[in-house]
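Read the structure below first, then the notes.
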Protein chains: 2
Amino acid sequence: MENKELFRLLAGKNSLRLELELKLNEMIKREYYAKSQIILKPGQIPNRAWFIEKGSAMGFVFKEEKKVPFWFWNENDIMVPLNSFFNQIPSETYIELLEPSVLVSISFDDVQEILLGFPESNDYVRKIMQDYQQMSEKRILEFAAYTPEEHYLHLMRDCPAIFRKASVESIAAYLGISRKTLNRIRSRTRRF
Amino acid sequence: MENKELFRLLAGKNSLRLELELKLNEMIKREYYAKSQIILKPGQIPNRAWFIEKGSAMGFVFKEEKKVPFWFWNENDIMVPLNSFFNQIPSETYIELLEPSVLVSISFDDVQEILLGFPESNDYVRKIMQDYQQMSEKRILEFAAYTPEEHYLHLMRDCPAIFRKASVESIAAYLGISRKTLNRIRSRTRRF
DNA sequence: ATCCTTTTGGGACATTTGTCCCTTTTTTAG
DNA sequence: CTAAAAAAGGGACAAATGTCCCAAAAGGAT
């Protein structure tokens with residue numbers, strides 16, 4: 001059965017209504033992308049909500065010629081630029097794939113149709129937003145309450161996959177520190 | 001008409017259905033609190049979603065005996081600990097009022113009733129969550145891409161009310177810097 | 001395999017930030 | 001109003017971070 005992992009993620013402990021699964025299967029598009037491909041640019045209105053079946057991605061902006069990543073997505077993550085997607089307004093950020101990836105997606109219009117036709121889908125969308133919000137708050141606290149070293153160690157523990165996929169430069173910028181500082185932390189905390 | 005400002009916030013450009021307004025008016029509770037009152041503690045399940053009719057509040061955690069604020073709410077803000085409220089799980093944070101405040105609120109059960117009985121209310125909830133998410137992402141970028149001084153100046157520009165209500169200590173912790181550094185920035189950027 | 005480009009890690013030095021104080025000012029409680 | 005407590009601002013010094021490098025290593029393209 002295709003899209004199994006996505007459906008499990010949406011429904012939580014229960015499962016989706018069969019009608020909804022069938023409908024989604026009709027709507028869902030699956031696409032294959034190369035590494036480093038940019039799938040969203042500032043100014044574009046994101047017309048699809050993605051699920052990363054395989055691969056990973058990074059959301060970033062440019063600040064003084066440098067990429068500043070603000071979000072990493074991994075395999076089995078739902079990837080939606082919440083604000084620009086749901087309001088259908090131009091994005092202010094980039095999304096770039098960090099490796100060859102398989103993305104499954106659904107269009108904005110199809111999402112609207114689902115929300116109207118399947119009332120319980122409102123709960124699924126709310127759950128997605130809550131998860132984003134929870135991760136964002138965690139991230140804000142990391143910045144506000146922890147030293148760069150603690151912040152780095154937490155990221156390392158919670159999201160080790162990132163370190164195999166993103167550059168040191170990107171991870172440093174994601175943590176809000178310079179590459180030099182990240183290198184210092186890494187050599188300091190490397191245990192032999 | 002009571003709750004006018006709240007209804008306007010919920011409905012955006014349009015207005016709420018009259019039936020919904022009436023229903024909400026029945027459900028809504030209005031309470032008066034003193035300055036510095038703690039209205040949510042770690043371990044408590046928040047059973048109400050608030051709207052600040054008058055006053056302001058601060059969400060924070062303790063890190064090594066010190067309060068670390070992660071969110072400020074002002075007059076006319078909707079104040080909901082999204083994750084713990086919607087999942088009805090214990091909060092991990094405090095919410096404290098910064099001044100004598102008037103809070104309007106609705107219970108979790110009543111929200112569920114509204115969501116079932118008024119399908120369009122799903123859009124209102126989604127809008128609230130989007131706004132939170134947008135502010136969170138903005139905040140994350142402030143930390144990742146800007147210097148403490150820029151971060152401070154942006155906060156000053158976007159949210160000057162905070163500076164009349166929170167202590168220098170709190171604002172510094174909110175920005176992830178020490179009180180000393182905030183003082184240095186302030187004396188440096190004070191223009192005569 | 002080879003060349004070219006990009007990434008990485010670290011040294012030297014300048015700058016920024018933090019910690020520990022103390023004094024002054026402001027706020028709170030009686 | 002007054003006494004006590006809390007908050008604010010700033011000095012001196014220590015610690016950390018950033019900038020500018022460069023050389024080594026890794027990755028991509030032909």
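Here is how names work: the chains are called A, B, and so on, in the same order as the sequence lines, proteins then strands, and each is numbered from 1.
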Exercise. Any luck finding a side-chain donor-acceptor pair between B:Q130 and B:Q134 under 3.5 Å?
Worked result: no
Exercise. Can you name the one residue among A:L98, A:I52, A:I162 that meets side-chain contact (heavy atoms from CB on, under 4.5 Å) with A:N74?
Worked result: A:I162
For this session: Starting from the 5' end of DNA chain C, give me the residue, A:V168 or A:K180, whose nearest nucleotide shows up first.
Result: A:V168
Seminar exercise, completed: From CG of A:N183 across to P of D:dC20 the rounded distance in Å is 17 Å
Seminar exercise, completed: A:K66 NZ to D:dG18 P, in whole Å, measures 12 Å
Problem set entry | No-hydrogen, no-angle side-chain donor-acceptor test under 3.5 Å, B:Q133 and A:S136 | yes
For this session: Rounded to the nearest angstrom, tell me the gap between atom CD1 in A:I171 and atom C1' in C:dT8.
Result: 12 Å
Seminar exercise, completed: Looking only at C:dT7, D:dT17, C:dG10, the nucleotide nearest the A:T181 side chain is D:dT17
For this session: Starting from C1' on C:dT27, measure out to NZ on B:K35 and report it in whole angstrom.
Result: 8 Å
Seminar exercise, completed: Whole-Å distance, B:E169 CD to C:dT26 P, equals 18 Å
Exercise. How many Å lie between CZ on A:R188 and P on C:dG9, as a whole number?
Worked result: 15 Å
Seminar exercise, completed: DNA chain C nearest-nucleotide lookup for B:R179 and B:R184: closer to the 5′ end is B:R184
Problem set entry | Integer-rounded Å distance: D:dG18 P and A:L182 CG | 10 Å
For this session: Write down the distance between CD1 (B:I185) and P (D:dA8), rounded to a whole number of angstrom.
Result: 15 Å
Exercise. Is A:S178 near enough to D:dG18 that one of its side-chain N or O atoms lies under 4.0 angstrom from OP1 or OP2?
Worked result: yes
Problem set entry | Polar contact flag, side-chain donor to acceptor under 3.5 angstrom, B:Q44-B:S91 | no
